[in-house]
Amino acid sequence: MDLATLGEFGLIEAIRRRARVDRRVWRLGIGDDAAILRARPREDLVLTTDALVEGVHFRWSTTDAVSLGAKSLAVNLSDVGAMGANALGCLLTLGVPPGVDPAHLDGFLAGLLRLAHASHCPLIGGDTVSSPLWLISVTVVGSVARGRALLRSGARPGDRIFVTGELGGASAGLALLSRGGPSSASERRLVARQIRPRPPFRAGAALVRARLSRAGIDVSDGLAQDLGHVANESGVAAHVDVARVPLARGLTAAASRLGLDPLALALAGGEDYELLFFAPPRAGTAAALSRKLGCRVTEIGVIARGSGVHFARDGSDYRLESAGFQHFKPARANSEK
Ligand code: ADP
Ligand code: MG
């Protein structure tokens, strides 16, 4: 994919040929001034967007193009999934430098389109511009049964707190990359969690379908911070037993080699893209939920009256030093990025 030969329109035409669109959902995909969604009654539309900037969110020295393409869609699928919605389609704004490496462009599109196909979220439009650095912005449209979305404001006292998968792996992977790279198969798995997140993007919709939950959020900025958003928006307190938090496989060993605290990475490290959700006791045990959602589920705590996030270990308060990542905050206030 040589941009100098293709030009903007040649590139768009190449993308159009590779994007497959479900005509039952989309009346029009790429090719006109805008795409047309066949909206269904009794559903709420859900929209989300996320940008990745070269040098800020990724570096070509530590990522491959296929993973980057998949990640730029995956982070949006994570957000739509955390609303309890099914993804319907995506838009891609792509800013690439004039002398872009054709292999980067080709790999990026391959990674994005493969995940788009696998997640039934076809690429239905976008914009293509010239830019001094790579700039990727993906927007996903989804839908959820009217009034049934999983909200940050939906947690209630008595709800149990559940999280899918495992935590801390992505931030350990980032730390490994910034300190000379992984040195074992187990460390390479942690790096893969950073480079190529695999959010459980169908779990939220399954919770809504079974009417098991009203509240959820994806863990993108660290458990402490994301749980804090839910506590604030719901006007409740979140109590977490840190001994129950599922640590990523290989996290303890990697953290010890790096001189980092594995628990701090699991509680405050970002980019795990797991689903944090809240459900009343009648929703059943973590094991039963795990069978229903088709992924690992761990119960880590409970929602109560009050405010804030409270961590406990062996019955006493556990204090967490750093809270999670925020853009525009001085580096000292952030964890690894
Ligand atoms: P306009 O000038 O009317 O905005 P464009 O030439 O930018 O039209 O886009 C033409 C078509 O190609 C539109 O359907 C648009 O959504 C699609 N498109 C442009 N860039 C991309 C891209 N990076 N990925 C997917 N579709 C794209
Ligand atoms: Mg345009």
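Just follow the structure's listing: the first ligand is 1, and inside any ligand the first atom is 1. Start at 1 with the first residue, then count along the sequence.
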Supply the atom-to-atom distance [X] [atom1] to [Y] [atom2], rounded to the nearest 0.5 angstrom.
X: Q225; Y: L223; atom1: CD; atom2: CG; result: 10.5 Å
X: R18; Y: H117; atom1: CZ; atom2: NE2; result: 13.5 Å
X: L37; Y: R27; atom1: CG; atom2: CZ; result: 12.0 Å

Inset, instruction - State which residue, out of I136, L135, L133, fulfils the side-chain contact (heavy atoms from CB on, under 4.5 Å) condition with E54. - result: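 With E54 as partner, side-chain contact (heavy atoms from CB on, under 4.5 Å) holds for just one option, L133.
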
Inset, instruction - For residues 277-317, pull every pair meeting ring-ring contact (aromatic ring centres under 6.0 Å, His included), keeping only residues two or more places apart or in separate chains. - result: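 As it turns out, the ring-ring contact (aromatic ring centres under 6.0 Å, His included) pairs with a partner in residues 277-317, which skip direct neighbours, are F162-F277, H239-H310.
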
Legend entry - Subset of ligand 1 atoms that lie under 4.0 Å from at least one heavy atom of D33: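 Listed by number with element, the hits are 3 (O).
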
Inset, instruction - Just jot down the ligand 1 atoms closer than 4.0 angstrom to any heavy atom of F9, in number order. - result: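 Numbered from 1, ligand 1 contributes 6 (O).
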
Legend entry - Remaining members of the apolar cluster that contains L28, side-chain heavy atoms under 4.5 Å: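 Other cluster members: I36.
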
Inset, instruction - May I ask you to check whether I30 has an N/O atom sitting below 3.5 Å from an N/O atom of ligand 1? - result: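 No, I30 has no N/O under 3.5 Å of an N/O on ligand 1.
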
Legend entry - Close N or O approach (I124, ligand 1; < 3.5 Å):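 In this structure, I124 places no N or O atom under 3.5 Å from an N or O of ligand 1.
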
Inset, instruction - Could you tell me whether D32 approaches ligand 1 through its side chain, its backbone, both or neither, with non-hydrogen atoms closer than 4.0 Å? - result: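 It is the backbone that touches ligand 1; the side chain stays farther off.
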
Legend entry - Proximity to ligand 1 by part of I12, non-hydrogen separation under 4.0 Å: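 The answer is the side chain.
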
Inset, instruction - Have a look at S137, A35, G125 and point out the one with the heavy atom closest to atom 25 (C) of ligand 1. - result: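 Heavy atom nearest to atom 25 (C) of ligand 1 belongs to G125.
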
Inset, instruction - Kindly identify the option in L91, L123, L11, D127 whose heavy atom sits closest to atom 7 (O) of ligand 1. - result: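 Of the listed residues, D127 has the closest heavy atom.
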
